[in-house]
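In what follows, a structure is listed as structure tokens, so that the remarks can point back to it.
Atoms within a ligand are numbered from 1 in the order they appear, just like the ligands themselves.
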Amino acid sequence: MHKGLIVQKFGGSSVANAERIQSVATRVVSYRKKGYDLVVVVSALGDTTDELIELAGKITTDPSEREMDMLLSTGEQISVALLAMAIHKLGFEAISFTGAQVGIITDSTHTRARIIKINADKIKEELKKGKIVIVAGFQGININQDITTLGRGGSDLTAVALAKELAAKECEIYTDVEGIYTTDPRIEPKAKKIKAVTYDEMLEMASLGAQVMQARSIEVAKKFDVPIHVRSSFNGKSGTMIVKEVKRMEDVVVSGVTINKNESKITVCDVPDRPGIAAKIFNHLAEKGVNVDMIVQNVSHTRQTDISFTVGKADAKKALRLTKKISGNTGSGQVLLDDDIARVSIVGVGMKSHTGVAATMFDAMAENKINIEMISTSDISISCIIKKKFAETAVKALHEKFGLGK
Ligand code: ADP
Ligand code: ASP
Ligand code: MG
């Protein structure tokens, strides 16, 4: 019986060793037996990608991004071959491919390339022959035939993009937790599994630090309405659906709390209070490809002001150098870098129609004597920058304050 196509993605922890690869094979085969066509996307084994990055770091502090992609893409190539073998062992037909082999064409932005198109003919051909198709996540190829990678966590994107291209019934993301929780269950054991979240909420949570899904994969899922089911690779329980709209019986103001320790804060002190200086600084950073996130400028009575902003940790040193260079010409004071920060955020579509949410968040911080250094808000989120050592306490306090453990 032909039941249609499912894309299944297995993350690094789900294929960390031979035993787990065998259990993934067993699960995949069980779906095959039920009559599904299957495209399976896999990540690199365990922490392979981190280990490869570390290895490169022992050779040079400034590796070519093209070579970095060449190196990192090898991790996923190991997984697909091993999974194909494990499926063969169970007596089923499977064939593994790299991203390039299945026509995942990207732009040339090495280490964070964007998918331009997918030529899925090869996959369709193999599916027609009755094979389970296994695709290396996180990678593609540009028009010059150079291997590219899709940014950390990019196997999620491979899976969602293939699900869209092949018009799959569903995209299943198998991971080491049972779904999307109200906050990272490794930090707050009282975190609760959420039955369903909207693309908007998940996108916000992912962008604000919930690493369980790569943010860009949710952008694509939202654009093309690809239903995602995040679930555990260790048991058969159903997990969390990520969909366009969720009907909730009760008013949920805050759906989740996130934490991000991958940002740094830069402060330009004593900036002369006249038009054009912020433009100068941020244009320069943008030209050099530095993504600036939160920006705060104090109101000035003295005709001088401080400007603080956050950037990704990986860009911090570059941003500091560029900011020093440009602010030197503006008559500003010193430029400071603070690595010791964390961003805690609350996310929920219910915020749109409720007042006092920010005040409740600040209360939770105050009750725990946590100083707030910066604040930013969006339609469906509020973030605070605090000292890193308070991050876990803040997450737990917010989780409790908004009643998420109930
Ligand atoms: P994979 O290797 O399967 O891609 P990841 O490590 O990328 O897995 O993502 C899973 C991890 O995300 C979990 O182990 C959990 O610690 C973390 N996480 C952070 N926030 C959340 C959340 N809100 N819900 C579930 N998991 C979360
Ligand atoms: N292996 C890659 C990473 O660790 C891609 C992924 O896991 O999704 O980022
Ligand atoms: Mg991941």
*Parallel, tilted or perpendicular: which fits the ring planes of Phe10 and Tyr174, with parallel below 30° and perpendicular above 60°?*
parallel
Taking atom types as modelled, is there a side-chain donor on [X] or [Y] under 3.5 Å from an acceptor on the other?
X: Ser332; Y: Ser327; answer: no
X: Glu204; Y: Ser378; answer: yes
X: Asp107; Y: Thr109; answer: yes
X: Thr149; Y: His110; answer: no

*Can we say Asp176 and Arg186 salt-bridge, meaning some charged N sits less than 4.0 Å from an Asp/Glu carboxylate O?*
yes
*Does Arg231 have any salt bridge (charged side-chain N to carboxylate O under 4.0 Å, His left out) partners at least two apart in sequence or in another chain, and if so, which?*
Glu172
_I need the atoms of ligand 2 closer than 4.0 Å to a non-hydrogen atom of Arg152, numbered in the order shown._
3 (C), 4 (O), 9 (O)
*Which atoms of ligand 2 are found less than 4.0 Å from any heavy atom of Ser43?*
6 (C), 7 (O), 8 (O)
Pairs of nitrogen or oxygen atoms closer than 3.5 Å, one from [X] and one from ligand 2: do any exist?
X: Lys9; value: no
X: Asp156; value: no
X: Gly153; value: yes

*Check whether NZ of the Lys or CZ of the Arg Lys387 lies under 6.0 Å from the centre of the six-membered ring of Phe390 and within 45 degrees of that ring's axis.*
no
*What do you reckon, does Gly75 put a non-hydrogen atom under 4.0 Å from ligand 2?*
no
*For ligand 1, would you mind listing the residues that have at least one heavy atom less than 4.0 Å away, ordered by chain and number?*
Lys9, Gly11, Gly12, Ser13, Tyr174, Thr175, Asp176, Val177, Gly179, Ile180, Tyr181, Thr183, Asp184, Pro185, Arg186, Met205, Ala210, Gln211, Val212
*asked:* Heavy-atom pairs closer than 4.0 Å: do any link ligand 2 to the side chain of Glu76, the backbone, both, or neither?
replied: side chain
*Are any of the side-chain heavy atoms of Ile307 and Thr267 separated by less than 4.5 Å?*
no
